[in-house]
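Below, chains carry the letters A, B, ... as their sequence lines are ordered, and counting in each starts from 1. All values below were derived from every heavy atom in this structure, side-chain atoms included, with hydrogens, water molecules and symmetry-related copies excluded. All values reported here derive from a predicted model rather than from experimental measurement.
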2 protein chains.
Amino acid sequence: MNASTKPERTRLSAESWEDAALELIAEQGVGALAVEALARRLGVTKGSFYWHFRTREALLQAALERWEQYGEREVIAQIEAIPDPRVRLPELFRRVAHELQPHRVYAALLKALDHPLVVPVMARVSQRRTEFLTAAFREAGLPPKEALNRARLTYAAYVGFLQLNFTLGLPRMSHEDFDAYVEHMIRTLIPAA
Amino acid sequence: MNASTKPERTRLSAESWEDAALELIAEQGVGALAVEALARRLGVTKGSFYWHFRTREALLQAALERWEQYGEREVIAQIEAIPDPRVRLPELFRRVAHELQPHRVYAALLKALDHPLVVPVMARVSQRRTEFLTAAFREAGLPPKEALNRARLTYAAYVGFLQLNFTLGLPRMSHEDFDAYVEHMIRTLIPAA
DNA sequence: GGCAATCCATACTCAAGCGTATGGTCATCG
DNA sequence: CGATGACCATACGCTTGAGTATGGATTGCC
């Protein structure tokens, strides 16, 4: 399970490599995903890697697949559990804002949209999330077209925020300023109940 | 005579390389900035390059500097020429939306925020633009703090849009849909006059 | 026309990183 | 307890791309 920090002497599986790959991607981007670097990180050598995967691209593919499957469910599931649709959107905003950790991989993949393996994954994920937002805005009272555009706008704001304040270290806001920003977003983007 | 096959046989300057570099960056990203590739593109060899620049990084630095200086003025100057502050913001939105060409470099640099040379440039540019937006929102009637947060939100939406619809090919909207989206943005983000 | 200075080509070296070949070790099962 | 298969180390080949060395070509200038 935890093979990232300790030079443990346990045997590795394909999943170990995929997790480590995602870890590395989150930290240093897709471009830094090199097999020898990963091996060093896991305390083994290339010999191990090429037993589990045919190529470097195969690892990337598997890691992306893994991320797409297991990395998305929590937030959406939590939000969908909230009964009152009017509370959902503000809650979604606040939660996403305060759990930026799981978004590290997403931010990294955003910077790798030139890679052919990354594009379809990101397209699917972004599509699903935008649809989720669209439905939420409709439940909040917006007509269909308005809801779709508002969802696009909201999701774009999310993505842009990741880039500007996450990977770029722009004017690192204080906690207070950040909370104020989130509340401002809520007031501006969510139709008044 | 052979102008049809060969791209001119004129001598090159450092600026030629910088411009070509920006072109390449816009097309294929910072990672694709290789000196031999650039040389091929300019119809010369490495020998030329290393006369003009000491290293690859030096070219990047020079190109970024050039971009920061010459690539920004037009839009802001045009907008500042509009007398009525209330017309400025909608106009800004519409112009930026329809002249996405000059934003190709910016979008590419956004994906290279892990590179140490890119970060400070992007920090400065984003900072300046956000300040410009903040001032505009204040003139549009928002109180200081509101104006700042609205500027952040707006700029984040811009950046996110670039990523999602520019580099990623998300649901390629039709022209009509796109215009509708822009107008929706205007209605949502700009305080009513 | 000749002489610098500028610009470019050719031919290298060197390091990084992917992938291959092959043999070693350890657990597990019969 | 030995054999099989899973897992890993070592050593190599190959390609790409940065940077260097050096000489040839071209231009500006006197």
Suppose we screen for side-chain contact (heavy atoms from CB on, under 4.5 Å). Which residues come up paired with [X], at least two apart in sequence or across chains?
X        : result
B/Leu148 : B/Thr134, B/Arg152
A/Glu65  : A/Gln61
A/Ala135 : none

Length of the [atom1]-[atom2] vector between [X] and [N], whole Å:
X       : N      : atom1 : atom2 : result
A/Leu42 : D/dA9  : CG    : P     : 11 Å
A/Trp51 : C/dC26 : CH2   : P     : 17 Å
A/Leu59 : C/dG17 : CG    : C1'   : 15 Å

What are the residues of residues 12-32 of chain B, sorted by number, that bring a heavy atom to within less than 4.0 Å of DNA chain C?
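Listed by number, they are B/Leu12.
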In chain order, what residues pass the salt bridge (Lys or Arg N to Asp or Glu O under 4.0 Å) check against A/Arg138, with sequence neighbours excluded?
none
Could you list the residues that satisfy salt bridge (Lys or Arg N to Asp or Glu O under 4.0 Å) with B/Glu80, not counting sequence neighbours?
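Scan of B/Glu80 (salt bridge (Lys or Arg N to Asp or Glu O under 4.0 Å), adjacent residues dropped) gives none.
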Verify the contact: side-chain N or O of A/His52 to OP1 or OP2 of D/dC8, cut-off strictly under 4.0 Å; return yes or no.
yes
Donor-acceptor under 3.5 Å (B/Arg88 side chain, B/Ile82 main chain)
yes
What's touching nucleotides 18-25 of chain C from the protein side, N or O pairs under 3.5 Å?
unit_1 : atom_1 : unit_2  : atom_2 : d
C/dC18 : OP2    : A/Val35 : N      : 3.3
C/dC18 : N4     : A/Lys46 : NZ     : 3.3
C/dG19 : OP1    : A/Thr55 : OG1    : 2.9
C/dG19 : OP2    : A/Tyr50 : OH     : 3.3
C/dG19 : OP2    : A/Thr55 : OG1    : 3.1
C/dG19 : OP2    : A/Arg56 : N      : 2.9
C/dG19 : N7     : A/Lys46 : NZ     : 2.8
C/dG19 : O6     : A/Lys46 : NZ     : 2.1

What pairs of donor and acceptor atoms, side-chain ones from residues 47-58 of chain B against any protein atom, are under 3.5 angstrom apart with sequence neighbours left out?
unit_1  : atom_1 : unit_2  : atom_2 : d
B/His52 : NE2    : B/Leu12 : O      : 3.4
B/Thr55 : OG1    : B/Glu57 : N      : 3.3
B/Arg56 : NH1    : B/Leu33 : O      : 2.6

Among all residues two or more places apart in sequence or in another chain, which pass the side chain to side chain donor-acceptor pair (under 3.5 Å) test with A/Glu131?
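Only A/Gln127 meet the side chain to side chain donor-acceptor pair (under 3.5 Å) criterion with A/Glu131.
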